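Taking it in order: structure first as structure tokens, then the write-up.
As the structure is a prediction and not an experimental result, all values here were calculated from the model.
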Amino acid sequence: KKMNKNKRVVVGMSGGVDSSVTALLLKQQGYDVVGLFMRNWEYGIKGSQCPNRIEFEDAKKVGALIGIEVIGKDFVKEYRDRVFDVFLEGLKQGLTPNPDILCNREIKFNVFLNEAKKMGADMIATGHYAKIAKYKDHFVLDTPKDSSKDQTYFLHALSSEQLSHAMFPLGDLTKKEVREIAREHNLPVSDKKDSTGICFIGNQKFDEFITQHLQAIPGDILDENGKVIGKHKGLVCYTLGQRKGIGLGGLKGNESENNTHKPWFVAAKDVINNTLTIVQDTNHPLLMSKTVEAKQMHWVLEVAPKVGDKLMAQVRYRQQKQACTVVEANNEKVIVEFDNPQRAVTLGQSLVLYSGDYCLGGGFISFYK
């Protein structure tokens, strides 16, 4: 225990159970622990549901209980410029960007890391479910024990340098074990629900939030043959593969009667013509892709994989890793072919590649077929 005595770790505390247990474990291991609560979002922003006052109170309660100081810092401007505005810009172009990936790269392991260094930190720690390993002289992400909670997808854009300053103490625990530790130590957040979805949208509907920030321009809904079958409320309100909220019941006289009440799925968004194409089969050919290209690649090892390499990949979070083969790769872009067709591959989401358990990096999906 003495070894860690002077090592200072600043823990990103969100008021949730994961970051609370992270701080507790490091404190038990003898580190000099300080909690830093990040305010990334202005409470008054239009349509916002971000209850960060309550979260800060929860983080401070936990701090008092385990005997560490928890400081609040304001990163609202940085978050707005580097995450939120980029997210809106992508949506305007018909993409579906992932704000969590941007937040990790730009805020938590950049602005936050620099702030922690100013506070004399040797390391920063977060409650992410991931592990850090050494691989060919680089720090890389490794799959955590609880694969159902694996968050390497969100962390793939971090550099070896950023990872060298980071710790993920939950990497060897399951979520169940984390909650048990919180209960044993009477942490007030032990039974708190997990936050899901995009943090600044909270529990309201995506389209209700987004139309307060972006103009939704209505247009035609097309079937797979290009026939106009309805009106959409604005392309920014829909994501590929989406089933709910299309606002179109079964269509009368559509092919045969038995089709009338089959659900519809969003299959394509055409920004130039402002049309939305929908289909009536969850695995419709228009929703399935074998070849995926991604750009603005970030390779953790700073070198692209080779053509012909057999890798595993994810095209979205909470997806089982899928086998694929590298068709083309360089510093900027990669093209992979999947063994099995992937459903609802979405422009602007990230393609993240793995070699065994190691995360090799990823980039933004720019094309699929």
Side-chain angles (χ1 to χ4, degrees), residues 86 90 95-106 108-109 128-164 166 168 171 240-241 288-369:
V86 177
L95 309 174
T96 306
N98 192 312
D100 291 324
I101 291 169
L102 289 168
C103 181
N104 284 326
R105 187 184 73 194
E106 298 294 333
K108 289 182 187 155
F109 296 86
H128 283 101
Y129 287 84
K131 282 193 213 174
I132 297 170
K134 273 307 262 294
Y135 182 69
K136 297 184 180 172
D137 298 340
H138 283 69
F139 288 93
V140 295
L141 288 165
D142 192 4
T143 309
K145 175 179 170 185
D146 189 341
S147 58
S148 72
K149 278 286 187 212
D150 181 355
Q151 285 172 313
T152 54
Y153 182 83
F154 294 124
L155 297 163
H156 78 268
L158 302 182
S159 65
S160 181
E161 160 67 15
Q162 284 170 308
L163 290 170
S164 73
F168 300 130
L240 292 195
M288 308 304 285
S289 324
K290 274 200 89 150
T291 304
V292 177
E293 172 195 89
K295 287 195 167 149
Q296 294 174 43
M297 295 305 291
H298 162 75
W299 300 113
V300 183
L301 305 178
E302 288 160 35
V303 39
K306 295 182 178 43
V307 171
D309 279 1
K310 301 257 182 245
L311 301 174
M312 301 299 278
Q314 276 180 292
V315 293
R316 73 175 59 79
Y317 176 52
R318 309 279 327 227
Q319 177 195 32
Q320 284 233 294
K321 295 184 177 59
Q322 306 286 319
C324 66
T325 306
V326 177
V327 177
E328 198 183 305
N330 57 39
N331 288 340
E332 255 305 285
K333 78 168 192 182
V334 67
I335 299 175
V336 296
E337 185 162 304
F338 283 93
D339 292 13
N340 300 308
Q342 299 301 302
R343 182 180 185 273
V345 177
T346 303
L347 295 176
Q349 284 279 3
S350 291
L351 169 75
V352 179
L353 297 170
Y354 296 84
S355 173
D357 285 337
Y358 295 119
C359 178
L360 297 180
F364 301 112
I365 295 171
S366 46
F367 176 79
Y368 55 85
K369 67 163 196 271

Quiz item: Measuring from Q162:CD to L155:CG, what's the distance to the nearest 0.5 Å?
Solution: 10.0 Å
Quiz item: Is a side-chain donor or acceptor of Q322 paired with a backbone partner of Q320 at a separation under 3.5 angstrom?
Solution: yes
Self-check item: Side-chain heavy-atom pair T291, V327 within 4.5 angstrom cut-off
Solution: no
Practice problem: Any salt bridge (Lys or Arg N to Asp or Glu O under 4.0 Å) involving residues 150-159? Give me the pairs, sequence neighbours left out, ordered by first then second residue. | Solution: D150-K321
Practice problem: For the residue pair H128 and N104, establish whether any side-chain heavy-atom pair is separated by less than 4.5 Å. | Solution: yes
Exercise. Could you tell me whether the side chain of L351 reaches within less than 4.5 Å of the side chain of Y368, counting heavy atoms only?
Key: no
Quiz item: Does V334 reach the side chain of L353, with side-chain heavy atoms less than 4.5 Å apart?
Solution: yes
Quiz item: Between atom CD of E328 and atom CD1 of I335, what is the distance when rounded to the nearest 0.5 Å?
Solution: 4.0 Å
Self-check item: CA sep, side-chain torsions, deciding dist, call: Y354, T152, side-chain hydrogen bond (donor to acceptor under 3.5 Å, both in side chains)
Solution: CA-CA 10 Å; Y354 296 84; T152 54; 2.7 Å; yes
Quiz item: Hey, does the side chain of T346 reach the backbone of L240 with a donor-acceptor pair shorter than 3.5 angstrom?
Solution: no
Quiz prompt | By salt bridge (Lys or Arg N to Asp or Glu O under 4.0 Å) - contacts of E161 (at least two apart) | solution = none
Quiz item: Restricting to pairs with a member in residues 288-316, which pass ring-ring contact (aromatic ring centres under 6.0 Å, His included), not counting sequence neighbours?
Solution: none
Quiz item: Side chains of L163 and L141: closer than 4.5 Å at any heavy-atom pair?
Solution: yes
Quiz item: What's the verdict on side-chain hydrogen bond (donor to acceptor under 3.5 Å, both in side chains) for T325 and E337, showing C-alpha distance, side-chain angles and the deciding distance?
Solution: CA-CA 5 Å; T325 306; E337 185 162 304; over 6 Å; no
Quiz item: Does the pair L311 and V326 meet the rule for a side-chain contact (heavy atoms from CB on, under 4.5 Å), with working shown?
Solution: CA-CA 7 Å; L311 301 174; V326 177; 3.6 Å; yes
Quiz item: Taking Y153 for the side chain and S350 for the main chain, is one N or O donor matched with an acceptor at less than 3.5 Å?
Solution: yes
Self-check item: Q349 and Y317 side chains, donor-acceptor separation under 3.5 Å
Solution: no
Quiz prompt | Check: F364 and L347 side chains under 4.5 Å, non-hydrogen atoms | solution = no
Quiz prompt | Close side-chain approach of V315 to I365, heavy-atom, < 4.5 Å | solution = yes
Quiz item: Do any N or O atoms from the side chain of Q151 and from the backbone of Y129 form a donor-acceptor pair under 3.5 angstrom?
Solution: yes
Practice problem: Taking the side chain as every heavy atom from C-beta outward, state whether F168 and P144 have any atom pair closer than 4.5 Å. | Solution: no
